Amino acid sequence: EFKGMAARFFPVQLGGSFKYSPELARWLKKNVKTFDVVHIHAVFNHSSVAAARACRASRVPYVVRPLGTLDPWSMKQKSLRKRLFWTVSAKNMLQRAAAVHYTTLSEKEATETFLGLNHGRVVALGVDANGTEHRAQTTNRSAPGADAAGPYVLALSRLDPKKALDVLIDAFIAVNKDPWRLVIAGDGPADYVAFLKRKAYRSERITFTGWVEGEQKDALFRGASLFALPSRQENFGFGVLEAMARGVPALVSSQVDLAADIQAAAAGWVVDLNQLDHALNVALSDENERAQRGRAAYLFSQQYSWDRTATNLIQLYQDILSRP
């Protein structure tokens, strides 16, 4: 069991990123016919291609969730490798899927326009807010990185160049608003983490917590006064919803696919990356405005529940099975 669910795991070879697993491919070829629908997550790896191939051979419908990898910005990263993979395997896999599962309308529109796909469905992810909108108005001292007095901006994500945390660090240092601090939570490639820490060395008010989960993660969310997600591309932004579900307003780049909805709900600030320092200064300067947008953030987050996600996924599967 994994988190209370029956699960089957398979070993990978040739490194973890490509997820090359002959054992998985053989098991799928033998057993996939016993399933009604298969939901494949990710595109550019062996396990996804093997699953789609096994489904087609056994005439089992499948859904593909691309995880933002088909967004025009993402397709330009390692573009030669992705173009080759798209031509050889991925295009056929997507075109013959029963549906493509997007988590936001923006992701669906951008991907379908860019790649000529036309059979997507939007099913948003859910968030668990522990049933409360109340959060600490002062620093939560049980949170890692929150051991000094003063409000803080929280950035919690995988530490990857895509997240534009280097831009956030530069903007925070440029604003230089005492007693505010910047807390960066998460982990990533050692060389990139070292690069970020070298940038942050210019300020004593930037803290790296490393990977956090459970109560520590929840404490960081509840103690934050602002959540920052300045990504260069983000198909959903799960962390920002977790923060908003706790009444924390968001500062996001316009490249986050939830940005238009956040702006319409007045649940935070949406900004182009080249104006991040100005927006950060505005957000940190007005406590009343942060409180108002924090309340709007909590209300906004309530439309994203796991119950709703499950209901919509079940409906998607039923629609697929009702087809001839």
Side-chain angles (χ1 to χ4, degrees), residues 17-19 37-53 55-56 61-125 157-158 160-167 229-241 250 252-264 270-276 304 309 312-313 316-317 319-320 323:
S17 61
F18 187 55
K19 297 179 176 61
V37 182
V38 172
H39 203 140
I40 300 171
H41 295 254
V43 174
F44 296 103
N45 60 53
H46 169 259
S47 60
S48 298
V49 172
R53 183 180 296 122
C55 287
R56 292 195 298 269
Y62 63 90
V63 180
V64 179
R65 179 183 163 211
L67 306 174
T69 58
L70 300 180
D71 178 274
W73 185 91
S74 295
M75 288 292 286
K76 293 176 183 176
Q77 314 307 309
K78 301 178 181 179
S79 58
L80 180 60
R81 182 187 308 175
K82 287 184 177 179
R83 284 201 301 269
L84 178 61
F85 198 103
W86 174 259
T87 301
V88 173
S89 300
K91 182 178 181 180
N92 185 48
M93 177 174 69
L94 269 295
Q95 289 180 335
R96 297 179 68 178
V100 181
H101 170 197
Y102 303 103
T103 52
T104 65
L105 181 60
S106 296
E107 180 193 11
K108 176 180 182 294
E109 291 175 343
T111 300
E112 292 189 340
T113 299
F114 185 63
L115 295 176
L117 300 172
N118 62 1
H119 55 307
R121 288 279 290 269
V122 177
V123 178
L125 301 182
S157 70
R158 176 169 49 92
D160 181 272
K162 170 182 173 180
K163 305 296 183 177
L165 296 174
D166 53 326
V167 182
L229 184 66
S231 294
R232 294 180 169 94
Q233 189 279 322
E234 196 77 41
N235 69 295
F236 189 71
F238 191 72
V240 72
L241 268 181
V252 302
S253 74
S254 55
Q255 302 308 308
V256 174
D257 282 348
L258 282 173
D261 295 332
I262 291 172
Q263 189 164 39
V270 176
V271 64
D272 292 333
L273 273 180
N274 59 7
Q275 297 178 333
L276 184 60
Y304 296 92
T309 299
N312 291 339
L313 283 176
L316 171 61
Y317 303 149
D319 290 347
I320 290 169
R323 301 172 188 170

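Quantities reported herein were computed from a predicted structural model and do not represent experimental measurements.
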Take L67 and R65 through the side-chain contact (heavy atoms from CB on, under 4.5 Å) test and state the conclusion after the steps. CA-CA 6 Å; L67 306 174; R65 179 183 163 211; 3.2 Å; yes
I need the minimum non-hydrogen distance between V270 and S254, along with the two atoms involved. CG1-CA, 3.9 Å
Side-chain contact test, heavy atoms from C-beta onward, threshold under 4.5 Å: evaluate it for V100 versus P66 and give yes or no. yes
Lys/Arg N to Asp/Glu carboxylate O, E234 vs K163, below 4.0 Å: yes
Rounded to the nearest 0.5 Å, what's the gap from CE on M93 to CZ on F85? Could you check? 6.5 Å
From R158 atom CZ to L165 atom CG, the distance as rounded to the nearest 0.5 Å: 10.5 Å
Intermediate values then yes/no, salt bridge (charged side-chain N to carboxylate O under 4.0 Å, His left out), D166 and R232: CA-CA 11 Å; D166 53 326; R232 294 180 169 94; 3.4 Å; yes
Shortest non-hydrogen contact from T103 to H101? CG2-NE2, 4.1 Å
Verify side-chain contact (heavy atoms from CB on, under 4.5 Å) between L94 and L70, making sure each step is shown before the conclusion. CA-CA 10 Å; L94 269 295; L70 300 180; 4.0 Å; yes
For A99 and L316, the nearest pair of non-hydrogen atoms, with its separation, is CB-CD1, 4.1 Å
Report yes if some heavy atom in the side chain of I320 is under 4.5 Å from a heavy atom in the side chain of R121; otherwise report no. no
Tell me whether K82 contacts the main-chain N or O of F44 through its side chain, where contact means a donor paired with an acceptor under 3.5 Å. no
Assess the side chains of R96 and Y62: does a donor N or O sit below 3.5 Å from an acceptor N or O? no
Please check if the number of heavy atoms outside R323 that lie under 6.0 Å from its CZ is greater than 12. yes
Measure from the side-chain N and O atoms of E107 to the backbone N and O of G68, and report whether any donor-acceptor pair falls under 3.5 Å. yes
For residues D71 and N235, determine if any side-chain heavy atom of one lies less than 4.5 Å from a side-chain heavy atom of the other. no
Would you say the side-chain atoms of N45 pair up with the backbone N or O of S48, donor to acceptor, closer than 3.5 Å? yes
Approximate separation, where rounding is to 0.5 Å, of D261 CG and S106 OG: 6.5 Å
So CD of Q255 and CD of Q233: to nearest 0.5 Å the spacing works out to 8.0 Å
So which heavy atom on L117 is nearest to which on E112, and how close? O-CB, 3.1 Å
Test side-chain contact (heavy atoms from CB on, under 4.5 Å) on M75 and F114; report intermediate values, then the result. CA-CA 10 Å; M75 288 292 286; F114 185 63; 3.7 Å; yes
What pair of heavy atoms forms the shortest contact from G237 to L229, and how long is it? CA-CD2, 4.0 Å
Rounded to the nearest 0.5 Å, the CG atom of L125 sits from the CG atom of N312 at a distance of 11.5 Å
For K162, is the NZ atom crowded, meaning more than 12 foreign heavy atoms sit under 6.0 Å from it? yes
Describe, in one word, how the ring planes of F236 and Y304 are oriented to each other, choosing from parallel (under 30°), tilted (30 to 60°) and perpendicular (over 60°). perpendicular
Please check this pair: side chain of S253 against backbone of L273, looking for a donor-acceptor N/O pair closer than 3.5 Å. no
Quick one, L115 with W86, criterion side-chain contact (heavy atoms from CB on, under 4.5 Å). Give me CA distance, side-chain angles, the key distance, then yes/no. CA-CA 10 Å; L115 295 176; W86 174 259; 3.8 Å; yes
Restricting to non-hydrogen atoms, name the atom on A52 and the atom on I40 that form the minimum distance, rounded to 0.1 Å. N-CD1, 3.6 Å
L258 backbone acceptor or donor facing T104 side chain under 3.5 Å: no
Any chance you could measure R53, atom CZ, to N92, atom CG, to the nearest 0.5 Å? 9.5 Å
